[in-house]
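Quick notes on the structure that follows.
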Amino acid sequence: MAAMASVCRAGGSVCVSSSRCAQTPVSRSPSGLGSVTFFDSFPRRCLSQYLTVPAHFLGKSYKLRAQLPNHQGGEGPEDEKMPEISPKLPSIPYGLITGLASVGFLETGYLTWAKVTGGSVTCPIGAGCSDVLDSSYAYVFGVPLALIGMVAYGSIAFISGNRLLARDSSGKEEELLARWLLLGGTTAMAVASSYFMYILTTKLGGASCAFCVGSALLSLSLLFSTLPVRGPSFGSSSPVNWKRLQLAVGATVVVGLSVAFGDANSAFARSGEIDLPPVEPEVVTVSTSKEISLAKHLQSIGAKMYGAFWCSHCYEQKQMFGREAMKFVDYVECYPEGYRKGVQLAKACDAANIQGFPTWIIKGQTYSGEQDFEGLAKASGFDLAKLK
């Protein structure tokens, strides 16, 4: 092999020919490696004079060991075998995925906290969140759905955030594993959210639940952000492989939820046998002056509390006021004749379009769920400074 190889552009193409191009020596490193880029437009006649290059290496960059004279005047080592170059994985928006998953984690974390502590949930839009979150469909095999969602969003945020920070310092194997986990996780979440929207529409009478809709939109956005859009995003695996993964994960989620909610349907079927007499639980807490003051203020502005005798949140709301203060609260019982199959809401509750319990109507505004002292004071315009 000649000691010199020339690489230049002639007439818009690249060639290797001492007769047509200026002599350009191959750069020599301490190991004897030179760097040459070959293109499909190389005249093969020229190539054959100097280097033997397999056709499938054309169009790529490789490190070659050229036969350059060594310091002793002899020839260098023979050409080494061309290394196999793996295609670079197309990037995916880890920052966007981490951000969306973090929002979902905060949302489900709030709902989980409310479920564990028994606190009320403030629905940002509409007034049906409490009804949905207190229904039998808010549990999967006895575990609060909000807790499962929090774990799912947290896992996606952790995996994606880790890749965002370590993308340039880890190997291809770790990158591929993270992508497969994200694809499987977001697929499961998107399928589950779609199933829940189906339940919301068909089983819960199309009840309004802003948190449910928001979670569904987040899950679908995460899935679309993770889906391959171009190139070998999942290494050498063909599209058939990751589509099979999605089908398997989706089918597993649907079957699992169908079994879990089948138990819920059985519970609903048994609810037709319930016959509860209208027994009002006794309020046992003792009121302080501030609860009595707030109760009198609510009464003076015409605020009403709508509830049901069997509702645990209604009972907790009454306990917050205490026995003495509840005498001043304008409370409306929505099931004065008891609860059984076929029973209707009281006319006052139906006219006020009460969707869940407890519900406060203060100055024409509806507040669903159990409210804390400060929330009621703010909604009613009660001056807390007077209590100090």
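If you're wondering where the values come from, they're calculated on a predicted model, not measured in any experiment. Index from 1, following the sequence. Side chains are part of it too, since the values below use all heavy atoms of this structure and drop only hydrogens, waters and symmetry mates.
Applying the salt bridge (Lys or Arg N to Asp or Glu O under 4.0 Å) rule to Glu280 yields the partners Lys318; only residues at least two apart in sequence or on another chain are considered.
Under the 30°/60° scheme for interplanar angles, the aromatic rings of Trp113 and Tyr110 are found to lie parallel. Ring planes of Phe382 and His297: tilted class, angle from 30 to 60°.
If you take NZ on Lys304 and SG on Cys349, they are separated by 10.5 Å, rounding to the nearest 0.5 Å. If you take CG on Leu182 and OG1 on Thr187, they are separated by 10.0 Å, rounding to the nearest 0.5 Å. The distance from atom CD1 of Ile159 to atom CG of Asn162, rounded to the nearest 0.5 Å, is 8.5 Å. Taking CE of Met326 as the reference point, atom OG1 of Thr285 lies at 9.5 Å (rounded to 0.5 Å). A distance of 8.5 Å separates CG in Asp372 from CD in Gln317, rounded to the nearest 0.5 Å.
Scanning both residues, Leu345 and Ile354, for their nearest heavy atoms gives CD1-O, 4.0 Å. Here the shortest heavy-atom pairing between Leu222 and Leu100 reads CD2-CB, 3.6 Å. Closest of all the heavy-atom pairs between Thr98 and Gly161 is OG1-N, 3.2 Å. Smallest separation of non-hydrogen atoms from Cys334 and Phe357: SG-CE2, 3.5 Å. Residue Val343 comes nearest to Gly338 through the heavy atom pair CG2-O, 3.5 Å, listed as atom of the first residue, atom of the second, then distance. Scanning both residues, Ile156 and Met189, for their nearest heavy atoms gives CG1-SD, 3.8 Å.
In the hydrophobic clustering of ILVMFWY residues, with side-chain heavy atoms under 4.5 Å counting as a link, Leu181 and Phe105 come out together.
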Working for side-chain contact (heavy atoms from CB on, under 4.5 Å), residues Asp330 and Leu298: CA-CA 8 Å; Asp330 193 352; Leu298 291 170; over 6 Å; no
Residue pair Met197, Val213: steps toward the side-chain contact (heavy atoms from CB on, under 4.5 Å) verdict: CA-CA 7 Å; Met197 295 307 298; Val213 176; 3.8 Å; yes
Worked check of side-chain contact (heavy atoms from CB on, under 4.5 Å) between Gln246 and Leu227: CA-CA 10 Å; Gln246 289 186 295; Leu227 281 175; 3.3 Å; yes
Intermediate values then yes/no, side-chain contact (heavy atoms from CB on, under 4.5 Å), Asp350 and Gln344: CA-CA 9 Å; Asp350 187 50; Gln344 300 294 322; over 6 Å; no
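Checked by atom type, the side-chain pair Tyr331/Glu333 shows a donor-acceptor distance below 3.5 Å. For the residue pair Trp360/Gln365, the side-chain donor-acceptor check at 3.5 Å is not satisfied. In this structure, a donor-acceptor pair under 3.5 Å is absent between the side chains of Tyr153 and Ser102.
A salt bridge links Glu175 with Arg179; the closest basic N to acidic carboxylate O contact falls under 4.0 Å.
Lys363 places a side-chain N or O within 3.5 Å of a backbone atom of Ser380 that can act as its donor or acceptor partner. The backbone N or O of Ala190 sits nowhere less than 3.5 Å from a side-chain atom of Ser193 that would complete a donor-acceptor pair. Of the possible donor and acceptor atoms, one in the side chain of Ser160 sits under 3.5 Å from a partner among the backbone N and O of Tyr94. Checked by atom type and distance alone, the side chain of Thr359 pairs as donor or acceptor with a backbone atom of Gly356 at under 3.5 Å. Distance alone, capped at 3.5 Å, places no donor-acceptor pair between the Tyr335 side chain and the Gly307 backbone. For Ser215 (side chain) and Phe211 (main-chain N/O), no donor-acceptor pair under 3.5 Å exists by modelled atom type. Under a 3.5 Å cut-off, the side chain of Gln371 and the backbone N or O of Gly369 do form a donor-acceptor pair. Using a distance-only test at 3.5 Å, with no hydrogens or angles considered, a donor-acceptor pair links the side chain of Ser287 to the main chain of Phe321.
A 4.5 Å side-chain heavy-atom check between Pro278 and Tyr339 finds every atom pair outside the cut-off. Using a 4.5 Å heavy-atom cutoff, the side chains of Tyr139 and Leu145 are not in contact.
Listed by chain and number, the hydrophobic cluster partners of Val283 come to none, as no ILVMFWY side chain reaches under 4.5 Å of it. Grouped by direct or indirect side-chain proximity (heavy atoms under 4.5 Å, Ile/Leu/Val/Met/Phe/Trp/Tyr only), Leu247 sits alone.
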